[in-house]
Participant: 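The structure follows.
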Amino acid sequence: MASSRLVLVSLLLFLGSFGCMASVPVPLVIWHGMGDSCCNPQSMGYIKKIVEKKIPGIYVLSLEIGSNLIEDMENSFFMNVNDQVTLVCDILAKDPKLKGGYNAMGFSQGGQFLRAVVQRCPTPPMINLISVGGQHQGVYGFPRCPGESSHLCDWIRKMLDFGAYTKTVQERLVQAQYWHDPLHEEEYRKKSLFLADINQERCINMTYKKNLMSLNKFVMVKFLKDTMVDPPASEWFGYYRSGQAKETIPLNETSLYTEDRLGLKEMDQAGKLVFLGVEGDHLHFSKEWFYKNILPFLQ
């Protein structure tokens, strides 16, 4: 009888500990946008704080690209994006708190950078990807710049005007690496170091497709009054119709979708794509909107 009780107690303790493990929130990884840093209390620091408030015990990793906040901000303009993605993949693989999987949330260019992470680095597994204003088909304009110096913004515009697809600009300027010129599609496909690769513009990498399709949900947030992203349709994977820069087409009319080069068509049909619109300019949303629309994908 005593041994039976001992077995029962051991079983209950085991089940109890399993229940505690199962209740641990899924970790969250955040990647900031251009001109920002991992821990700005007005941006990423604020997001981290409100997520932790609503999901007690959650582990939130806000990515810092560099050894300090200044380097982190500068690297959002001047560090090769492919090198950044490789660095982040290494950070995530070495973090023991992420080994069971994680959700990811990218802001502005951080959205497409995290998409590159899931396509290239399946370990640890990304569960949900939330892109907040990410430019997944790239940009063809640079109307505003959040950097601290207007001289910096002017320099970036001049470099893009000089030649976004020159080797020097592509290797040096982050924004050139997702510059998508609809008037010169062939040059874009050949010379884009980053975006043309992750969007399967040159060849089909079945690993990229398989890894992206492994997501539970791919959430894309578009800002309906965006004055920074050109065109705003890029935030929902739409873009300019090839050969001109006036008319935009939605995702389901693009060759990326009709040819299903990334698996987006199949994901759409399976209910894995979520398109959210928010009134306001780029990255302008309320805490209440965030709690109502984004929080459910983090719990």
Participant: Would you find more than 12 non-hydrogen atoms of other residues, nucleotides or ligands less than 6.0 Å from Glu266 atom CD?
Facilitator: no

Participant: Can you name the closest pair of heavy atoms from Pro182 and Ala245 and give their distance?
Facilitator: CG-CB, 4.2 Å

Participant: In terms of side-chain geometry, is the basic nitrogen of Asp90 or Lys94 positioned less than 4.0 Å from the acidic oxygen of its partner?
Facilitator: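 The answer is yes: the pair qualifies as a salt bridge.
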
Participant: Determine whether Leu28 and Met105 make a side-chain contact, defined as any pair of heavy atoms from C-beta on separated by less than 4.5 Å.
Facilitator: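 When only atoms from C-beta onward are counted, Met105 and Leu28 do touch, with a gap below 4.5 Å.
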
Participant: In a check of side-chain hydrogen bond (donor to acceptor under 3.5 Å, both in side chains) between Tyr208 and each of Gln200, Arg115, Arg120, which one passes?
Facilitator: Arg120

Participant: Any disulfide (SG to SG under 2.5 Å) pairs touching residues 50-118, not counting sequence neighbours?
Facilitator: Cys89-Cys121

Participant: Any idea which heavy atoms bring Val278 and Val221 closest together, and the distance?
Facilitator: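 For Val278 and Val221, the tightest heavy-atom pair comes out as CG1-CG1, 3.9 Å.
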
Participant: For Leu193, does its backbone N or O pair with a side-chain atom of Gln170 as donor and acceptor, under 3.5 Å?
Facilitator: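 Checked: pair present.
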
Participant: Angle between ring planes, Phe218 versus Phe237, binned at 30° and 60°: parallel, tilted or perpendicular?
Facilitator: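 Because their plane-to-plane angle is over 60°, the rings of Phe218 and Phe237 count as perpendicular.
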
Participant: Locate the shortest heavy-atom distance separating Gly101 from Val26; write the atom from each residue and the value.
Facilitator: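 Looking at all heavy atoms of both residues, the shortest contact is O-CG1, 4.2 Å.
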
Participant: When you measure from the centre of the six-membered ring of Tyr291, is the NZ or CZ of Lys54 under 6.0 Å away and within 45° of the axis?
Facilitator: yes

Participant: When you measure from the side chain of Asp230 to the backbone N and O of Val139, does any donor-acceptor pair fall under 3.5 Å?
Facilitator: no

Participant: With a 4.5 Å limit on heavy-atom distance, are the side chains of Ile55 and Leu295 in contact?
Facilitator: yes

Participant: Nearest heavy-atom pair of Lys272 and Asn216: which atoms, and what distance?
Facilitator: CG-O, 3.5 Å

Participant: Do side-chain atoms of Gln244 reach the backbone of Ser242 as a donor and acceptor pair under 3.5 angstrom?
Facilitator: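 Here the side-chain-to-backbone pair does not exist.
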
Participant: Relative to the ring of Tyr140, is the ring of Tyr240 parallel (under 30°), tilted (30 to 60°) or perpendicular (over 60°)?
Facilitator: perpendicular

Participant: Could you check Asp181 against Lys191 for salt bridge (charged side-chain N to carboxylate O under 4.0 Å, His left out), going step by step and ending with a plain yes or no?
Facilitator: CA-CA 11 Å; Asp181 186 343; Lys191 297 180 180 179; over 6 Å; no

Participant: Taking the six-membered ring of Tyr59, is NZ or CZ of Lys97 closer than 6.0 Å to its centre and within 45° of its axis?
Facilitator: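 Judged by the rule (NZ or CZ under 6.0 Å from the ring centre, within 45° of its axis), Lys97 counts as positioned above Tyr59.
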
Participant: Before accepting this row, confirm whether a basic side-chain N of the pair Glu253/Arg241 lies closer than 4.0 Å to the acidic partner's carboxylate O.
Facilitator: yes

Participant: Please identify which of these residues, Thr86, Leu63, Val88, Ile91, meets the side-chain contact (heavy atoms from CB on, under 4.5 Å) condition with Val117.
Facilitator: Val88

Participant: Specify the closest pair of heavy atoms between Asn40 and Ser37, including all atoms of both residues, with the distance to one decimal.
Facilitator: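 Here Asn40 and Ser37 meet closest at N-OG, 3.7 Å.
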
Participant: Taking the six-membered ring for Trp, are His180 and Tyr165 closer than 6.0 Å centroid to centroid?
Facilitator: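 So the answer is no for these two rings.
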
Participant: For residues Asn293 and Leu276, report the shortest heavy-atom separation together with the two atoms involved.
Facilitator: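 Nearest heavy atoms, Asn293 then Leu276: O-CD1, 3.9 Å.
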
Participant: Going by atom type alone, with no hydrogens or angles, which donor-acceptor pairs under 3.5 Å involve a side-chain atom of residues 71-78 and a protein atom two or more places apart or on another chain?
Facilitator:
residue, atom, partner, partner atom, Å
Glu71, OE1, Ser67, N, 2.9
Glu71, OE1, Ser67, OG, 3.1
Glu71, OE2, Ser67, OG, 3.2
Asp72, OD1, His32, NE2, 2.8
Asp72, OD1, Ile65, N, 2.9
Asp72, OD2, His32, NE2, 3.2
Asp72, OD2, Cys38, N, 2.7
Asn75, ND2, Ile65, O, 2.7
Asn75, ND2, Glu71, O, 3.2
Ser76, OG, Gly35, N, 2.9
Ser76, OG, Met73, O, 2.6

Participant: Could you check whether Glu52 pairs with Lys49 (Lys NZ or Arg NE/NH1/NH2 to Asp/Glu carboxylate O, under 4.0 Å)?
Facilitator: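 Here Glu52 does not pair with Lys49 in a salt bridge, since their nearest N and O are not under 4.0 Å apart.
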
Participant: Evaluate the criterion side chain to side chain contact (heavy atoms under 4.5 Å, CB included) for residue pair Leu98 and Val29; output intermediate values, then yes/no.
Facilitator: CA-CA 9 Å; Leu98 302 178; Val29 173; 4.0 Å; yes

Participant: Between Lys292 and Glu288, is there a side-chain N and carboxylate O pair less than 4.0 Å apart?
Facilitator: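 Here Lys292 does not pair with Glu288 in a salt bridge, since their nearest N and O are not under 4.0 Å apart.
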
Participant: So, do Tyr102 and Leu92 sit near enough that their side-chain heavy atoms are less than 4.5 Å apart?
Facilitator: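 Result yes, sub-4.5 Å side-chain heavy-atom pair found.
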
Participant: Indicate yes or no: does Glu201 engage Arg261 in a salt bridge with an N to O separation below 4.0 Å.
Facilitator: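 Yes, Glu201 and Arg261 are salt-bridged.
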
Participant: According to the interplanar angle, ranging from 0 to 90°, do the rings of Phe275 and Trp236 count as parallel (below 30°), tilted (30 to 60°) or perpendicular (above 60°)?
Facilitator: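 Ring orientation, 0 to 90° scale: perpendicular.
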
Participant: Relative to the ring of Phe290, is the ring of Phe285 parallel (under 30°), tilted (30 to 60°) or perpendicular (over 60°)?
Facilitator: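 Plane angle under 30°, so parallel.
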
Participant: Examine Phe223 together with His284 and report whether their ring centres are nearer than 6.0 Å.
Facilitator: no

